[in-house]
Amino acid sequence: MASLPPLQFARAVSWCLSAFLLAGVAACKSDYPASGKTGSSDSKSVPRQVKTVKVAETPIGETVTVNGTLAAYDQTTAGIKVPGRLQTITVDLGSVVRKGQNIAQLEQQDYKLRVQQAEAALAQARARLGLNPDGADDRVSSEETGTVRQAKAVLDDARLKRDRASKLVQQGVISHAEWDTVDSEYKVALSRYQDAMEEIRNRQGLLAQRRSELALAKQQLADTIVYAPLDGVVLTKKASVGEYLAAGAPVVDIVRINPLRLRVEVPERESHNIRNGQSVRVSVEGDPNSYLGYIKRLSPTIGEQNRVLAVEADVANNGRLRPGAFVKAEIITNQSATAVTVPVNAIVTFAGIEKVIVVENGKALEKPVTTGRRGSDWIEIKSGVNVGDTVVVDPGNLQSGQSVMEF
């Protein structure tokens, strides 16, 4: 190569480098889009298999949704009826009890002695009436008692003497003074007979009193045992073994938790739809299950302060619900009402926007939706799709515009 002046040689080198760089850039620009388009075209050209369902119209009923609280159906305090020292207690916090179950007992020795004392007094009262001390029949005829028979015998003798004296005084055989003496003896005998009858009646009354005292002593002995007044669960244990308890002292608090009382307040504008017997769906935060109840009690008035209607429903408890829990309740006011629904796993949520992916002409298409009520396996769709549209279940990372194939 012929030699060039230095200036021309530098220009030539610069031109060659520029041409080389432009060629490389051109090659890069032409290759990247081509490869990108090819990759994108390949990914969208292969249909993705998806599971689909039809948007359906489901009978879910018209509901009134309110918040409420669960409460125990009944709560009571089991206490001791007689004073004494607590000997045993067989339950504690959370213990399940049945109605009539023995849950506590006092020391019984003092009350057993009182029963023996009352039995002895009753036997004595029966003996004074001429009855068998160990018998159970307290009926007695006053005329058959020894006291009355004796008084009646004296009265009969005095009556006969009086009758004879009456005839003799008329005949002049005896004086009027003797007649007065016989007549007085008769009146005394009659008074003694009346006293004997009153004494027997008094003894009969005493016998009835002794019988009552024995029954009371036996009842007090029985009252040393505390029984559960209802089926339920022990809420609080209030006494301990060895503690001396006064009459009426509490031993345990018991609550009945099946069914539970659901207490809610319905706004006045919706209260006209609430009736006894309507179904209620109850859900608790953190529990995926829903529970069924029925309205049993309605307040007769609307609250003047907050303009709400107090409503109570009975909710069956399988053991997972607890009194005091805050719940969401749906009162079903119209069983025949329907709504447009999709499965729960057909909803996609991104940045607070709820969407479903429908299938149109073999392509996936995202559609924003407005949701309403929710069940265990369905969600109400208020707008966005129509009945009969095909939606994808569990879409995952499926993109809008991607080819899909149903299976």
Side-chain angles (χ1 to χ4, degrees), residues 44 46-68 262 264 266-267 269-270 272-275 277-295 313 315-316 318 320-321 327-407:
K44 290 190 177 181
V46 179
R48 175 176 168 178
Q49 288 189 339
V50 294
K51 183 179 179 181
T52 61
V53 295
K54 296 288 186 180
V55 178
E57 190 171 14
T58 306
I60 61 173
E62 293 180 356
T63 62
V64 175
T65 303
V66 290
N67 294 324
L262 169 64
V264 298
V266 179
R269 64 180 178 276
E270 297 176 333
H272 62 281
N273 293 322
I274 307 302
R275 301 286 184 275
Q278 289 176 335
S279 302
V280 183
R281 286 194 297 263
V282 178
S283 58
V284 183
E285 186 176 357
D287 188 345
N289 299 318
S290 61
Y291 302 87
L292 182 63
Y294 297 93
I295 293 178
V315 180
N318 61 358
R320 302 183 65 178
L321 297 176
V327 299
K328 177 182 177 182
E330 292 182 345
I331 302 173
I332 303 173
T333 58
N334 184 358
Q335 293 280 4
S336 61
T338 61
V340 178
T341 63
V342 298
V344 173
N345 53 356
I347 298 294
V348 178
T349 304
F350 180 75
I353 300 175
E354 293 180 313
K355 301 178 181 180
V356 296
I357 298 181
V358 300
V359 177
E360 293 184 0
N361 301 321
K363 301 285 187 180
L365 179 62
E366 291 184 358
K367 285 191 174 183
V369 294
T370 302
T371 61
R373 291 167 288 178
R374 297 171 182 256
S376 59
D377 57 355
W378 55 267
I379 294 180
E380 179 187 7
I381 303 298
K382 293 186 175 181
S383 64
V385 293
N386 300 316
V387 175
D389 289 347
T390 302
V391 298
V392 178
V393 178
D394 294 322
N397 59 353
L398 184 64
Q399 300 296 319
S400 183
Q402 187 173 347
S403 298
V404 294
M405 181 173 60
E406 303 176 40
F407 71 94

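Keep in mind that what you see is a predicted model, and the values were worked out from it rather than measured.
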Derivation of the side chain to side chain contact (heavy atoms under 4.5 Å, CB included) call for R48 and S403: CA-CA 6 Å; R48 175 176 168 178; S403 298; over 6 Å; no

Worked check of side chain to side chain contact (heavy atoms under 4.5 Å, CB included) between L262 and V282: CA-CA 9 Å; L262 169 64; V282 178; 3.8 Å; yes

CA sep, side-chain torsions, deciding dist, call: V280, V315, side chain to side chain contact (heavy atoms under 4.5 Å, CB included): CA-CA 8 Å; V280 183; V315 180; 5.9 Å; no

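Note that CZ of R281 is 10.0 Å distant from NZ of K328, once rounded to the nearest 0.5 Å. To the nearest 0.5 Å, atom CD1 of residue I274 and atom CD1 of residue I331 are 4.0 Å apart. Remark: H272 NE2 to T333 OG1 distance equals 8.5 Å, nearest 0.5 Å. The distance from atom CD1 of I347 to atom OG1 of T371, rounded to the nearest 0.5 Å, is 6.5 Å. Rounded to the nearest 0.5 angstrom, K367 NZ and I357 CD1 are separated by 12.5 Å. Rounding to the nearest 0.5 Å gives a distance of 8.0 Å between CD of E380 and OG1 of T63.
Using a distance-only test at 3.5 Å, with no hydrogens or angles considered, no donor-acceptor pair links the side chain of E270 to the main chain of P267. Q278 places a side-chain N or O within 3.5 Å of a backbone atom of N273 that can act as its donor or acceptor partner.
Within the 4.5 Å cutoff, the side chain of S400 has heavy atoms near those of the L365 side chain. Under the 4.5 Å side-chain criterion, counting only non-hydrogen atoms from C-beta, V392 is in contact with V359. Under the 4.5 Å side-chain criterion, counting only non-hydrogen atoms from C-beta, E354 is not in contact with I379. Inter-residue side-chain proximity for V266 and V64 is flagged as met; some heavy-atom pair is nearer than 4.5 Å. By the 4.5 Å heavy-atom criterion applied to side chains, Y291 and L321 are counted as neighbours. Y294 places a side-chain heavy atom less than 4.5 Å from the side chain of S279.
Judged as a salt bridge (charged side-chain N to carboxylate O under 4.0 Å, His left out), and not counting sequence neighbours, E57 has no contacts.
Every pair passing salt bridge (charged side-chain N to carboxylate O under 4.0 Å, His left out) that includes a residue from residues 285-295 is listed here, sequence neighbours excluded: D287-R320.
Minimum interatomic distance between P395 and N345 (heavy atoms only, all atoms of both residues): CD-O, 3.9 Å.
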Which side-chain N or O atoms in residues 381-390 pair as donor and acceptor under 3.5 Å with protein atoms at least two apart or in another chain?
| unit_1 | atom_1 | unit_2 | atom_2 | d |
| --- | --- | --- | --- | --- |
| S383 | OG | T370 | OG1 | 3.1 |
| D389 | OD2 | N386 | N | 2.9 |
| T390 | OG1 | K54 | NZ | 2.8 |

